[in-house]
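The structure appears below as structure tokens.
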Amino acid sequence: MLLRDRHFRITASLILFAIGIGVMIFFAEELLNLGGQLYLGWGSFFIIYLMSKVKYFRNQPWRSLFIVLALFVSCRYMAWRIFDTLMYTGFFDFIGMTLLFLAECYGFSLFLLDMFVNFSPMSSEIIPLSEDESSYPSVDIFIPTYDEAEGIVRMTVIAATQIQYPQDKLNIYILDDGGTHAKRRSKETGHQAWRRHYSLRRLAKDLGVHYITRDTNQKAKAGNINHALQHSNGDLILILDCDQVPTKDILSSTVGQFIDDRKMFLVQTPHFFINETPVNNVITGISNRPDESEMFYRKIQPAMNFWNSAFFCGSAAILRREYLMEIGGIAIKTITEDCETSLILHAHGYNSSYINKPMVCGLSPETPSDYLTQHSRWAKGMLQILMHYNPLFMRGLSLPQRLAYFSSSYSWLFGFARYIFFLAPSAFLILGMNVYSANWHEMVDFTVPYALSILVVISYFFAGSRQIFFSEIYETVKGFRMIRELMPVLLNPWKQKFLVTPKGLLLEKEQLSWDAFPLFVLVTINFVSIGIAILRWHYEPIWHDNIIITAVWCCINIWLGLMSLGAFWEKRQIRSYYRIGGGGTVKIGREAQATLMEANLLDISVSGLGFTLPVGTQLSVDELIDLNVSDSYGNSYSFKAKVMRVQKEADYYFYGTQFVAEQIASPEAIAFVYGDSGRWQRIWDSSAELKQSKLQLYLLTKLGLRAVRENSAGYFKYISKSIGAFIVMLFNPYFWIYALTGLANWIIYLFYLFVVYTISLVDHQQARSFPRLQAGEKITVYFPKLDATLEGWAFDISLTGVGIKVNLPFLINDNEAVEISVTGVTQAQHRMDCIIRRVIKQGDEVILGAEFIVDNSNFFKIVGFVYGQGSKMVFSLAIQNLRRILSYLFFTGELADERKSLSESSRAVSK
């Protein structure tokens with residue numbers, strides 16, 4: 001039975017290949033000398049390189065042969081690193097060597113996962129709908145919005161009303177999270193929220209769609225969608241970010257998958273961006289080149305789709321309501337609610353599908369800072385999934401699904417390894433740490449073929465979506481930001497905030513993003529390392545081989561750092577509407593001529609068209625003309641426009657036109673520009689033709705040098721100012737008072753938890769009552785999963801949690817996340833995240849044992865809630881807990897009497 005399973009056969013074959021590779025490596029190590037290793041390493045690399053250039057090796061079964069050979073080269077290198085280079089030469093050398101080796105192990109493990117996941121990428125076919133519309137499922141279109149401009153929302157809603165689907169089975173909803181009741185009641189945001197509420201409600205009425213808002217912004221986008229699920233009833237849900245404008249055929253191309261497969265819960269389509277990412281925007285004037293996001297949608301999602309692991313990406317996706325409601329709606333435990341939802345539904349045995357055809361057009365972040373904000377949110381959410389669910393051991397998933405989801409989460413930790421590689425050569429040249437014990441000949445035999453093979457394999461897997469060096473630039477640009485953003489997740493995976501990615505921003509001037517500062521420091525360190533290398537070459541001839549290797553390594557780091565600095569350059573953005581590559585022809589009518597002229601359509605937008613005419617035909621600036629165009633469906637459109645710009649080229653004129661005011665961003669313009677998926681498919685295919693790579697790398701390096709020249713003085717001034725402020729802080733007595741108080745709090749708190757845990761091992765019943773203090777006040781409990789709010793009584797509290805007595809009209813499970821609002825000792829209002837650890841039925845009421853989600857960011861807030869603030873809080877915390885601990889150890893009867901009185905008082909409070 002197992003042999004008939006496709007995934008099982010593939011997995012078994014790969015395991016056998018791995019065993020064979022291990023045997024080959026063993027005999028190669030035993031039988032070959034250094035000369036033989038040179039031929040083996042470089043020979044394997046050249047074979048891999050040649051195979052990557054032959055198109056037959058891109059598909060199975062030849063693809064398997066390429067993967068096996070690449071696996072041999074990488075495993076051979078790691079075997080050499082483990083058995084021949086790891087040696088103890090000193091304590092600090094050991095620390096540096098271990099860090100570098102761990103970074104290499106991370107890269108190697110990720111490399112193995114990539115080879116498995118990319119075994120045989122597959123895009124699902126479009127299943128046409130039948131002519132019998134009565135069999136179609138009903139569809140709700142959700143358009144969540146928070147603080148985006150009304151113009152952006154309007155275009156998406158208008159395009160949604162033009163989708164080709166039976167109108168009696170289609171409902172469109174604007175989900176407004178920027179005009180919630182809480183925001184309208186706020187003194188700070190009330191005026192703006194009311195204005196947004198009226199504006200979007202009027203927009204919905206004008207366009208004949210539904211408008212939904214809610215009481216609060218709990219759980220961000222996931223909470224917004226879950227609230228809308230309670231107020232709609234379509235069989236399928238199409239979710240569109242408010243900047244994701246759909247084409248007319250998005251439902252006719254996707255709904256068939258749900259009809260064909262009853263267990264299908266998701267059909268995901270690519271996110272296609274009308275504007276370029278900040279990295280692409282700074283290098284050339286080529287439009288719509290592939291960026292990192294396209295790599296995900298072109299290559300990674302089809303690879304995941306082969307293993308039935310394609311996941312929900314938050315927008316441009318259709319989900320089945322029945323299965324979504326089965327798990328309580330969109331998942332809310334992490335800030336990447338989309339992937340989390342897919343993971344849970346896959347574990348329930350349902351299927352997903354990915355159609356590799358762009359049918360939405362959206363906006364990418366305009367600045368490097370916004371770009372990093374978006375990607376850091378994805379990184380934090382995926383790391384939360386890894387820590388909360390651990391896909392490798394999650395029940396219900398097949399082995400390929402576990403590895404695919406684990407790879408998607410695990411890959412976001414690359415920043416730690418990236419910066420170890422950046423600093424490793426400087427650790428040797430500046431600090432004298434021997435972090436890589438190998439000579440020049442061994443590096444040539446093992447390291448260089450392995451490094452080049454990795455570049456070839458990356459180019460092979462992601463051909464048409466990413467150039468070789470650009471993968472390094474993207475990871476370098478994001479690396480330090482990922483470290484900074486992921487550290488809080490590692491400390492506390494529960495408490496993370498959803499950040500909305502800014503879209504549609506205008507930039508008035510060119511400048512270097514402040515996020516480039518860490519890269520500037522790293523480039524400076526590597527420059528200093530080069531100078532020290534020159535000195536050490538003169539004074540330490542015994543280390544010549546290592547100095548050459550690390551100096552070359554530093555030069556590569558400097559070049560990569562300079563290009564990455566160039567990628568942080570923020571270009572001006574003054575267009576309100578983006579121009580898109582056109583294609584096709586446009587017919588031009590003039591008042592003075594009866595015949596129509598035909599021109600080549602060069603670019604389009606909802607505000608105008610650009611076209612070319614031969615030199616013999618000339619239009620004048622400010623002339624009014626008629627433009628007649630058609631889309632790939634055969635629909636004709638007519639626009640009246642004014643000639644705004646004329647530019648003479650070699651053998652033609654380029655004309656830039658602008659529609660008359662009433663036709664700018666009109667439904668007709670939106671239908672022509674955004675409604676045609678054939679246009680997006682042409683751009684999607686043409687952008688896969690990677691061109692001018694050398695020019696792009698040159699321009700990035702040039703921008704990086706400009707960034708260093710124009711910003712060095714400011715950066716060094718900032719560094720000296722920061723060092724001065726740090727020195728002043730060290731001599732400030734208040735700093736030491738706060739530091740010592742905080743340290744005392746942590747010591748007392750950790751001691752407190754240690755004693756409670758120790759006692760719980762000895763006497764669990766005593767431990768449950770030991771740490772709690774008497775309370776008796778109203779408490780509000782919010783259940784995000786159900787979007788429900790209840791009021792109850794807090795009858796006891798401690799640093800670990802709060803006991804709540806409440807009338808519960810619904811069922812909940814243990815370990816469910818809730819948010820509580822309660823007044824503390826200082827009469828201040830506190831809102832804290834908790835986990836329900838116990839649910840105890842007591843008559844008509846329920847007792848909830850809620851445990852605080854504690855990390856270093858909210859610990860002091862919890863202590864202040866329980867014991868007060870300042871020195872009084874420290875004294876109270878120490879004395880009260882010390883007395884209770886001593887009572888337990890020496891006067892257990894006294895503690896029992898106290899617990900009895902506490903129980904009686906809590907019953908009196910409840911009455």
Side-chain angles (χ1 to χ4, degrees), residues 11-49 51-52 64-89 93-119 403 406-407 410-411 413-414 416-417 420-421 424-425 428 434-458 460-461 545-546 549-550 553:
T11 304
S13 300
L14 291 178
I15 292 174
L16 291 175
F17 280 137
I19 295 173
I21 288 169
V23 174
M24 291 169 59
I25 292 172
F26 173 77
F27 283 107
E29 287 288 318
E30 292 292 326
L31 301 177
L32 296 179
N33 56 20
L34 281 179
Q37 294 291 351
L38 176 68
Y39 290 121
L40 179 62
W42 284 95
S44 300
F45 162 70
F46 281 117
I47 293 174
I48 290 174
Y49 177 77
M51 292 171 68
S52 69
S64 297
L65 186 60
F66 176 88
I67 291 175
V68 169
L69 189 55
L71 191 63
F72 168 74
V73 174
S74 56
C75 291
R76 170 181 174 268
Y77 170 78
M78 290 304 296
W80 169 75
R81 279 286 281 135
I82 293 170
F83 296 112
D84 294 350
T85 67
L86 299 181
M87 57 188 69
Y88 185 85
T89 57
D93 291 348
F94 174 76
I95 297 296
M97 184 182 297
T98 301
L99 289 175
L100 179 59
F101 180 68
L102 289 176
E104 288 188 272
C105 287
Y106 170 80
F108 174 69
S109 60
L110 193 59
F111 187 61
L112 296 182
L113 287 169
D114 281 343
M115 285 194 284
F116 178 82
V117 173
N118 288 276
F119 183 78
L403 292 173
F406 178 76
S407 174
Y410 179 66
S411 62
L413 295 170
F414 68 86
F416 297 93
I420 289 175
F421 292 137
F428 170 75
N434 186 17
V435 298
Y436 199 94
S437 299
N439 58 39
W440 175 258
H441 297 289
E442 291 174 323
M443 295 277 286
V444 172
D445 290 351
F446 291 93
T447 307
V448 179
Y450 169 65
L452 294 177
S453 297
I454 288 179
L455 295 178
V456 171
V457 172
I458 291 174
Y460 171 86
F461 281 152
D545 283 359
N546 300 75
I549 294 170
T550 50
W553 193 345

Which heavy-atom pair separates [X] from [Y] by the least distance, and what is that distance?
| X | Y | value |
| --- | --- | --- |
| Met97 | Ser437 | CE-OG, 3.5 Å |
| Gly41 | Pro449 | O-CB, 3.6 Å |
| Ile48 | Ala70 | CD1-CA, 3.7 Å |
| Pro425 | Thr550 | CB-O, 3.6 Å |
| Val456 | Ser52 | CG1-OG, 3.6 Å |
| Ala424 | Leu100 | CB-CD1, 4.0 Å |

For this session: Using a cut-off of 6.0 Å, state whether more than 12 heavy atoms not belonging to Phe94 lie near its atom CZ.
Result: no
Exercise. Taking atom OH of Tyr49 as the centre, does the number of heavy atoms from other residues, nucleotides or ligands within less than 6.0 Å exceed 12?
Worked result: no
For this session: Decide yes or no on side chain to side chain contact (heavy atoms under 4.5 Å, CB included) for Leu71 and Phe111, but give the supporting numbers first.
Result: CA-CA 9 Å; Leu71 191 63; Phe111 187 61; over 6 Å; no
Side chains of [X] and [Y]: closer than 4.5 Å at any heavy-atom pair?
| X | Y | result |
| --- | --- | --- |
| Ile454 | Phe108 | no |
| His441 | Asp545 | no |
| Phe461 | Met115 | yes |

Under 3.5 Å: donor-acceptor pair, side chain of [X], backbone of [Y]:
| X | Y | answer |
| --- | --- | --- |
| Asp93 | Asn434 | yes |
| Trp42 | Val448 | no |
| Ser407 | Leu403 | no |

For this session: Evaluate the side chain to side chain contact (heavy atoms under 4.5 Å, CB included) criterion for residues Val457 and Phe66: first the C-alpha distance (whole Å), next the side-chain angles of each, then the deciding distance (0.1 Å), finally the verdict.
Result: CA-CA 9 Å; Val457 172; Phe66 176 88; 4.1 Å; yes
If you round to the nearest 0.5 Å, how far is [atom2] of [Y] from [atom1] of [X]?
| X | Y | atom1 | atom2 | result |
| --- | --- | --- | --- | --- |
| Ser453 | Ile47 | OG | CD1 | 10.5 Å |
| Asn546 | Asn439 | CG | CG | 8.5 Å |
| Thr447 | Ile549 | OG1 | CD1 | 8.0 Å |
| Ile82 | Cys105 | CD1 | SG | 6.0 Å |
| Met78 | Tyr450 | CE | OH | 6.5 Å |
| Ile67 | Phe116 | CD1 | CZ | 10.0 Å |

Exercise. Parallel, tilted or perpendicular for Phe446 and Trp80, by the 30°/60° rule?
Worked result: parallel
For this session: Dump the intermediate steps for side chain to side chain contact (heavy atoms under 4.5 Å, CB included) on Leu69 and Leu65, then the final yes or no.
Result: CA-CA 6 Å; Leu69 189 55; Leu65 186 60; 6.0 Å; no
Problem set entry | Sequence neighbours excluded - side-chain hydrogen bond (donor to acceptor under 3.5 Å, both in side chains) pairs with any residue from residues 101-117 | Tyr77-Glu104, Arg81-Glu104, Ser109-Tyr410
Exercise. Is the gap between the ring centers of Phe428 and Tyr436 under 6.0 Å?
Worked result: no
